[in-house]
Amino acid sequence: MSQAASARPFIVFGSPEIGDDEVEAVTQVMRSGWLGTGPRVAEFEKAFAQFKQVESSVCVASCTAALHLSMVACGIKPGDEVITTSLTFAATVNAIIHAGGTPVLADVDAQTININPAHIRTLITERTKAILIVHFAGQACDMDEILAIAKEHNLRVIEDCAHAVEGTYKGKPLGTLGDFGCFSFYVTKNMTSVEGGAVIAKSPADLARIKTLALHGMSSDAWRRFGDKGYKHYDVVECGYKYNLTDMQAAIALCQLKKVDRWWEIRKALWNRYSEAFADLPISVPVWVNQAHKHSLHLFTIRIDPKRTGIERDRFLEAMNERKIGTGVHYRAIPEHSYYRTTFGWNPSDYPVATKVGRETVSLPFSAKLSEEEISYILHNVREVITSRA
Ligand SMILES: *Cc1c(COP(=O)(O)O)cnc(C)c1O
């Protein structure tokens, strides 16, 4: 390791930008005496709905919770199959399993890393009930094709928008094209509430059911029972979950939402900078396939093909770590994980594109918070590691 590297602080992958306004907002909630689900959550649900150009949204504890509740609201039960992508975070697939459904994996498109609609078609059976897609890295899936398949076979469509808070498809906000849109406010995402998520839905009845399911199945606005309007009895109408967001988290999310568009512009400039700087290196850079759809620019994923680059992907990750640059892997293909292999008998070779991408992909730091000095340092070190193959 060079001296310069040993002296500098580690660049944490996906570290969020937190300002004085977030700190102040949290302090206010802490001093208010109402820390749980309450007025700040209600305010954020309104603000987020407005941002997504829909009537209403429901806040939940995580995108994982959002996906699970969407599955329940779709009526997924044991024996039902849900087709999803083979290159995603475990939570996407786990949500199907939590609801009792059977996940069925489709391979991805080599360029967008999004679910391949042609492969979806080959997987449909009479047990298929839904398609759960992921807008990978924030780039919209081929929604015309996916919605056409869904219509033909009477399937529900759930959009995992964990990467895609700002994105659009033909001008429509991502999450509004299918039956449900699920969002994440986890720390590394484009905006954060530390932990948190939100659901939007095409049908108001579906969304109302999700709101009830997210808080023990208690009749709506149960959080008001301890407010200043006097104690209110609630009715438990079904067996729900403990998936509520808190006012502490919503206070952070309210501040972050105001900055989302500004941060996107910063990442767009960084995307162009990385793309230009790496153009002559023997690596692949991500492709924004259709500029007509707003890409959420959540990840900047390069691909290290050892045959072409002359270095193994995992060695590249280590070299970045030695140089104090935090990286990510989004993701190893789902069938590479032992649980899924042993439970469902999936074989990585049956998902050749996802498997290859998963073995080559590296996510570089891509936060709006990166300083000019850090960006130059990253550009220099990626080049040095690739060209020296060490
Ligand atoms: C982060 C992520 C999730 C889970 O989000 P949480 O809010 O952490 O539950 C789900 N799907 C994808 C694609 C993700 O990247």
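Heads up: numbering here begins at 1 and tracks the sequence.
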Determine whether the side chains of His380 and Glu384 contain a donor N or O and an acceptor N or O closer than 3.5 Å.
yes

Quick one, Thr168 with His293, criterion side-chain hydrogen bond (donor to acceptor under 3.5 Å, both in side chains). Give me CA distance, side-chain angles, the key distance, then yes/no.
CA-CA 5 Å; Thr168 63; His293 311 313; 5.8 Å; no

Going by the angle between their ring planes, with limits at 30° and 60°, are Phe300 and Trp271 parallel, tilted or perpendicular?
perpendicular

Can you classify the ring geometry of Tyr340 versus His337 as parallel (below 30°), tilted (30 to 60°) or perpendicular (above 60°)?
perpendicular

Under a 4.0 Å threshold between the charged nitrogen and the carboxylate oxygen, would Arg127 count as salt-bridged to Glu81?
yes

Thr192 versus Gln256, closest heavy-atom pair with distance
N-OE1, 2.9 Å

Quick check for you: to the nearest 0.5 Å, what is the distance between Lys211 atom NZ and Ser219 atom OG?
12.0 Å

Is it true that atom CG of Asn154 has more than 12 heavy atoms of other residues, nucleotides or ligands lying nearer than 6.0 Å?
no

Can you tell whether the side chains of Glu166 and Lys268 come within less than 4.0 Å, N to carboxylate O?
no

Between the side chains of Thr246 and Gln249, does any donor sit under 3.5 Å from an acceptor?
yes

Side-chain ion pair, Glu360 and Lys307, N-O less than 4.0 Å
no

Does the side chain of Leu87 reach to within under 4.5 Å of the side chain of Tyr351, using non-hydrogen atoms?
no

May I ask you to check whether over 12 heavy atoms, not counting those of Arg31, lie within 6.0 Å of atom CZ?
no

Give the intermediate values and the outcome of ring pair (Phe, Tyr, Trp, His ring centres under 6.0 Å) for residues Phe366 and Phe13.
CA-CA 8 Å; Phe366 194 50; Phe13 179 86; 9.3 Å; no

Only counting residues at least two apart or in another chain, list the ones meeting salt bridge (charged side-chain N to carboxylate O under 4.0 Å, His left out) with Arg209.
Glu238

Name all residues meeting the side-chain hydrogen bond (donor to acceptor under 3.5 Å, both in side chains) criterion together with Thr112; count only those two or more places apart in sequence or in a different chain, and write none if there are none.
Asp109

Contact summary for Val157 and Ala150, nearest pair of heavy atoms:
CG2-CB, 3.4 Å

Would Ile131 and Val82 satisfy side chain to side chain contact (heavy atoms under 4.5 Å, CB included), going step by step from the backbone distance to the final call?
CA-CA 6 Å; Ile131 308 173; Val82 179; over 6 Å; no

I'd like to know whether CD of Glu265 has more than 12 heavy-atom contacts from other residues, nucleotides or ligands below 6.0 angstrom.
yes

Nearest 0.5 Å, what's the CZ-CG distance between Phe183 and Leu67?
11.0 Å

Donor-acceptor side-chain pairing of His135 and Glu159 below 3.5 angstrom:
yes

Write down the atom of Ala214, the atom of Leu69, and the distance for their closest heavy-atom approach.
CB-CD1, 3.7 Å

Could you go through Met218 and Asp235, starting from their C-alpha distance and side-chain angles, then the distance that decides it, and tell me whether this counts as side chain to side chain contact (heavy atoms under 4.5 Å, CB included)?
CA-CA 6 Å; Met218 301 196 295; Asp235 183 35; over 6 Å; no

Are the side chains of Tyr274 and Ile302 in contact, using a 4.5 Å heavy-atom criterion?
no

Taking the side chain as C-beta and beyond, is there a heavy-atom pair between Val165 and Trp264 under 4.5 Å?
no

Within a 6.0 Å radius of atom NZ on Lys172, are there more than 12 heavy atoms belonging to other residues, nucleotides or ligands?
no

According to salt bridge (charged side-chain N to carboxylate O under 4.0 Å, His left out), who are the partners of Lys77, at least two apart in sequence or on a separate chain?
Asp80

Evaluate the side-chain proximity of Val362 to Thr301: yes if any heavy-atom separation is below 4.5 Å, no if none is.
no

Taking side chain as C-beta onward, heavy atoms only, is Cys74 less than 4.5 Å from Ile158?
yes

Could you tell me whether the side chain of Arg267 reaches within less than 4.5 Å of the side chain of Asn190, counting heavy atoms only?
yes

Check whether more than 12 heavy atoms from other residues, nucleotides or ligands sit under 6.0 Å from atom CG of Asn347, and answer yes or no.
yes

Roughly how far apart are Phe278 CZ and Ile283 CD1, rounded to 0.5 Å?
5.5 Å

Do Lys369 and Glu374 sit within salt-bridge range, that is, some charged N less than 4.0 Å from a carboxylate O?
no

Mind running ring pair (Phe, Tyr, Trp, His ring centres under 6.0 Å) on Tyr241 and His68 for me, showing each step along the way?
CA-CA 10 Å; Tyr241 304 87; His68 180 202; 4.7 Å; yes

In the structure I gave you, are the side-chain heavy atoms of Thr85 and Phe136 within less than 4.5 Å of one another anywhere?
no

Test ring pair (Phe, Tyr, Trp, His ring centres under 6.0 Å) applied to His298 - qualifying residues, sequence neighbours left out:
His163

Would you call Asp314 and Arg359 a salt bridge, using N to O less than 4.0 angstrom?
no

Presence of salt bridge, Glu43 and Lys46, under 4.0 angstrom:
no

Rounded at 0.5 Å granularity, tell me how far CD1 in Ile146 sits from CG in Asn114.
7.5 Å

Which atom of Cys141 lies closest to which atom of Ile133, heavy atoms considered:
SG-CD1, 3.9 Å

OG1 of Thr361 to CG of Asp305, rounded to nearest 0.5 Å, is 12.0 Å

Could you tell me whether Lys202 and Asp179 make a salt bridge, using a distance below 4.0 angstrom between a side-chain N and a carboxylate O?
no

Out of curiosity, Ile115 CD1 to Ser86 OG, how far, rounded to the nearest 0.5 Å?
7.5 Å

For side chain to side chain contact (heavy atoms under 4.5 Å, CB included), just list the numbers for Asp144 and Lys170, CA-CA rounded to whole Å, side-chain angles, deciding distance to a tenth of an Å, and then say yes or no.
CA-CA 10 Å; Asp144 280 348; Lys170 293 189 168 173; 2.4 Å; yes

With sequence neighbours excluded, tell me which residues meet salt bridge (charged side-chain N to carboxylate O under 4.0 Å, His left out) with Glu195.
none

Do other residues, nucleotides or ligands put more than 12 heavy atoms under 6.0 Å from the OH atom of Tyr243?
yes

I'd like to know if the side chain of Asp160 pairs up with that of Thr92 as donor and acceptor (distance under 3.5 Å, no hydrogens or angles considered).
yes

Is there side-chain contact between Thr176 and Pro173, with at least one heavy-atom pair below 4.5 Å?
yes

What residues form a side chain to side chain contact (heavy atoms under 4.5 Å, CB included) with Asp21, not counting sequence neighbours?
Cys255, Lys259

Are the charged groups of Arg121 and Glu152 less than 4.0 angstrom apart, N to O?
yes

For Leu297 against Trp288, the heavy-atom pair lying closest together
CD2-CE3, 4.1 Å

For Tyr186 and Phe89, what are the C-alpha separation, side-chain angles and deciding distance, and is it a ring pair (Phe, Tyr, Trp, His ring centres under 6.0 Å)?
CA-CA 13 Å; Tyr186 178 63; Phe89 186 53; 8.0 Å; no

Can you see which heavy atom on Phe180 is nearest to which on Ala73, and at what distance?
CZ-CB, 3.8 Å

